[in-house]
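To start, the structure under review is shown below, and the notes come after it.
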Amino acid sequence: MEQRALGGLGLVVSALGLGCMGMSEFYGPADDAESAAVIHRALDLGVTMLDTADMYGPFTNERLVGRAIAERRDEVVVATKFGNERRADGTRLGVNGRPEYVRAACDASLERLGVERIDLYYQHRVDPTVPIEETVGAMAELVAAGKVGYLGLSEASPATLRRAHATHPISALQTEYSLWTRDCEDEVLPTARELGVGFVAYSPLGRGFLTGRFASAAAIPAGDFRAANPRFSGENLTANLLLVGAVEEVAASKGCTAAQLALAWVLARGDDIVPIPGTKRLAYLDDNLGALGVHLDASELDVLDRRIAKGSTAGDRYADMSTIDR
């Protein structure tokens, strides 16, 4: 397994991580037994970074991950997040970056995960009511206390990232990035590179859309949050299916799957980028990891850039974009 560095402080992870969110919520029914098998298989194949968050479930995803890694802790870089505050019944309370909440959330995550240290701790969303210096200052205290190894932010703007990094070195910025979500290339990714911050690409498969599995809205499972996503409905869906067709055509010419091609594209954007495709299915895990053997040359990358032009995706990536720091 290829290894990639996130930031300059010593955090090294597998070139592909594993997003665990869908194992507990948002993507239809959960199956803890199969999800645990996916985690174990990923570790067997050399994946080291597992990505979770306290709000997934809520709270149940961290427990699932904790149980799955209990006997293999030394093989895992555990990444989790705080900041999207929820009650146990799922009620959303908003974004919380207050220092006292940072400390309480970390202690709760440590307990649920069953670990003594969180390897990579992210602020899940930026709280506009709390100066980032206060939030990151509290996160830095967790590093000093040995409860956290490295710090990260998710969906932070360039200005916020600069202020955060000046408060305490940020090792990773997690932002959505894929063939159909490339706006981070304008300012966010260049700023991360200027500061020496690693880049973790979530939803590198476009929430599964780039795999070609969603030829119509009817293909979305019951209870799946994608049913309310602007890119998966109406005229947007029709327009976006043309993009998927381009992915499938290029993938066929390469002798790989659409998922492998989409992941290979993200991997090719730089060795400071670590995609974390999520899955709760063993077959999809094996398919995703096959992307590591797909290498795109300059001409193939150029074809994809022309066929799936930056900004050509129809619809916002969330129904509510208000929590994205700008």
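This chain uses plain numbering: 1 for the first residue, then up along the sequence. Because only heavy atoms are used, hydrogens play no part in the values below, and waters and symmetry mates are left out as well, while side chains stay in. Remember, it's a predicted structure, so these values are computed and weren't measured experimentally.
Under the 4.5 Å side-chain heavy-atom criterion for ILVMFWY residues, no single connected hydrophobic cluster contains both Leu11 and Leu18. The hydrophobic cluster containing Leu9 does not contain Val143, counting ILVMFWY residues as joined when their side-chain heavy atoms lie under 4.5 angstrom apart, directly or transitively. Residues Val47 and Val77 fall into different hydrophobic clusters, defined by Ile, Leu, Val, Met, Phe, Trp and Tyr side chains chained together at heavy-atom separations under 4.5 Å. Taking hydrophobic clusters as Ile, Leu, Val, Met, Phe, Trp and Tyr residues chained together by side-chain heavy-atom distances below 4.5 Å, Leu189 does not share a cluster with Val13. Transitive grouping of hydrophobic side chains (ILVMFWY, heavy atoms separated by less than 4.5 Å) keeps Met55 and Ile118 in distinct clusters.
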Exercise. Does the side-chain contact (heavy atoms from CB on, under 4.5 Å) test come out yes or no for Val102 and Glu141, once each step is laid out?
Worked result: CA-CA 10 Å; Val102 175; Glu141 292 174 3; over 6 Å; no
For this session: Apply side-chain contact (heavy atoms from CB on, under 4.5 Å) to the pair Ile273 and Arg193, showing each step before the final yes or no.
Result: CA-CA 10 Å; Ile273 297 176; Arg193 285 176 166 160; 3.6 Å; yes
Exercise. Step by step, would you call Thr52 with Arg112 a side chain to side chain donor-acceptor pair (under 3.5 Å)?
Worked result: CA-CA 11 Å; Thr52 180; Arg112 286 189 292 266; over 6 Å; no
Problem set entry | Derivation and outcome, side-chain contact (heavy atoms from CB on, under 4.5 Å), residues Val200 and Tyr122 | CA-CA 11 Å; Val200 175; Tyr122 292 99; 3.3 Å; yes
Problem set entry | Verdict with supporting geometry, Arg326 and Asp183, salt bridge (charged side-chain N to carboxylate O under 4.0 Å, His left out) | CA-CA 12 Å; Arg326 298 178 186 273; Asp183 48 298; over 6 Å; no
Exercise. When you look at Leu153 and Gln123, which way does the side-chain contact (heavy atoms from CB on, under 4.5 Å) test go after all the steps?
Worked result: CA-CA 5 Å; Leu153 300 178; Gln123 181 184 22; 3.7 Å; yes
For this session: Start with the C-alpha gap between Arg103 and Asp107, add the side-chain angles, then the distance that decides, and say whether salt bridge (charged side-chain N to carboxylate O under 4.0 Å, His left out) holds.
Result: CA-CA 6 Å; Arg103 292 186 283 267; Asp107 287 342; over 6 Å; no
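In this structure, Tyr121 and Phe82 have tilted ring planes: the angle between them lies in the 30° to 60° band. Aromatic ring pairs are classed by plane angle as parallel below 30°, tilted from 30° to 60° and perpendicular above 60°; the pair Tyr56 and Phe26 is perpendicular.
Atom CG of Asp32 sits about 9.0 Å away from atom CG of Asn61, to the nearest 0.5 Å. Leu173 CG to Leu6 CG: the interatomic distance, rounded to the nearest 0.5 Å, is 10.5 Å. For the atom pair CZ (Arg306) and OG (Ser312), the distance works out to 13.5 Å, reported to the nearest 0.5 Å. The line from OG1 of Thr135 to OH of Tyr101 is 12.0 Å long, rounded to the nearest 0.5 Å.
Using modelled atom types and a 3.5 Å distance limit, the side chains of Ser178 and Arg317 yield no donor-acceptor pair. Checked by atom type, the side-chain pair Ser109/Asp54 shows no donor-acceptor distance below 3.5 Å. Neither side chain, Ser203 nor Glu176, offers a donor N or O lying under 3.5 Å from an acceptor on the other.
Put simply, the residue from Leu285, Val266, Leu289 that forms a side chain to side chain contact (heavy atoms under 4.5 Å, CB included) with Leu16 is Leu289.
Every residue two or more places apart in sequence or in another chain that forms a side-chain hydrogen bond (donor to acceptor under 3.5 Å, both in side chains) with His124 is listed here: Asn84.
Between the side chain of Arg41 and the backbone N or O of Asp44 there is no donor-acceptor pair closer than 3.5 Å. Remark: the backbone N or O of Asn236 is paired with a side-chain donor or acceptor of Asn240 at under 3.5 angstrom. Checked by atom type and distance alone, the side chain of Thr313 pairs as donor or acceptor with a backbone atom of Trp180 at under 3.5 Å. Between the side chain of Glu34 and the backbone N or O of Arg281, no donor-acceptor pair lies under 3.5 Å. The backbone N or O of Ala33 lies less than 3.5 Å from a partner atom in the side chain of Asp31, making a donor-acceptor pair. Looking only at distances, no side-chain donor or acceptor of Arg226 sits under 3.5 Å from a matching main-chain atom of Phe232. Lys254 places a side-chain N or O within donor-acceptor distance of the main-chain N or O of His295, the cut-off being under 3.5 Å. Checking side-chain atoms of Arg117 against main-chain N and O of Gly146 turns up no donor-acceptor pair under 3.5 Å. At least one donor-acceptor pair closer than 3.5 Å links the side chain of Lys280 to the backbone N or O of Pro29. With Thr211 contributing its side chain and Ala259 its backbone, the two residues share no donor-acceptor pair below 3.5 Å.
No side-chain heavy atom of Ile276 sits under 4.5 Å from any side-chain heavy atom of Met21. Looking at Asp286 and Leu45, their side chains come closer than 4.5 Å, going by heavy atoms from C-beta outward. Within the 4.5 Å cutoff, the side chain of Trp265 has heavy atoms near those of the Asp305 side chain. At least one side-chain heavy atom of Arg73 sits less than 4.5 Å from a side-chain heavy atom of Val115. You'll find the side chain of Met1 stays beyond 4.5 Å of the side chain of Thr48, heavy atoms only. Considering only heavy atoms from C-beta on, Val136 comes within 4.5 Å of Leu151 through its side chain. Using a 4.5 Å cut-off on side-chain heavy atoms (C-beta onward), Leu205 and Asn288 make contact. Met139 places none of its side-chain heavy atoms less than 4.5 Å from the side chain of His168.
Residues Ser35 and Leu64 come closest through the heavy atom pair CB-CD2, 3.8 Å. For the pair Asp127 and Gly97, the tightest heavy-atom approach, listed with the atom from each and the gap, is OD2-N, 2.9 Å. Nearest heavy atom pair, residue Arg4 against residue Val274, reads CB-CG2, 4.0 Å. Counting all heavy atoms, side chain and backbone alike, Ala88 lies closest to Pro58 at O-CG, 3.7 Å. Across all non-hydrogen atoms, the minimal contact from Phe59 to Arg87 is CE1-C, 3.9 Å. Nearest heavy atom pair, residue Ala15 against residue Pro275, reads O-CD, 3.2 Å.
When the shell of 6.0 Å around CD of Glu133 is examined, it contains more than 12 heavy atoms from other residues, nucleotides or ligands. Environment of CD in Glu71: sparse, with no more than 12 heavy atoms of neighbouring residues, nucleotides or ligands closer than 6.0 Å.
Stacking of Arg269 on the aromatic ring of Phe199 is not recorded, the 6.0 Å distance cut-off and the 45° axial limit not both being met.
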Which donor-acceptor pairs under 3.5 Å do the side chains of residues 241-253 make with protein atoms, sequence neighbours left out?
from: Glu249; atom 1: OE1; to: Arg307; atom 2: NH1; distance (Å): 3.3
from: Glu249; atom 1: OE1; to: Arg307; atom 2: NH2; distance (Å): 3.3
from: Ser253; atom 1: OG; to: Val250; atom 2: O; distance (Å): 2.6

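For Lys310 and Asp186, the salt-bridge test passes: some basic side-chain N is under 4.0 Å from an acidic carboxylate O.
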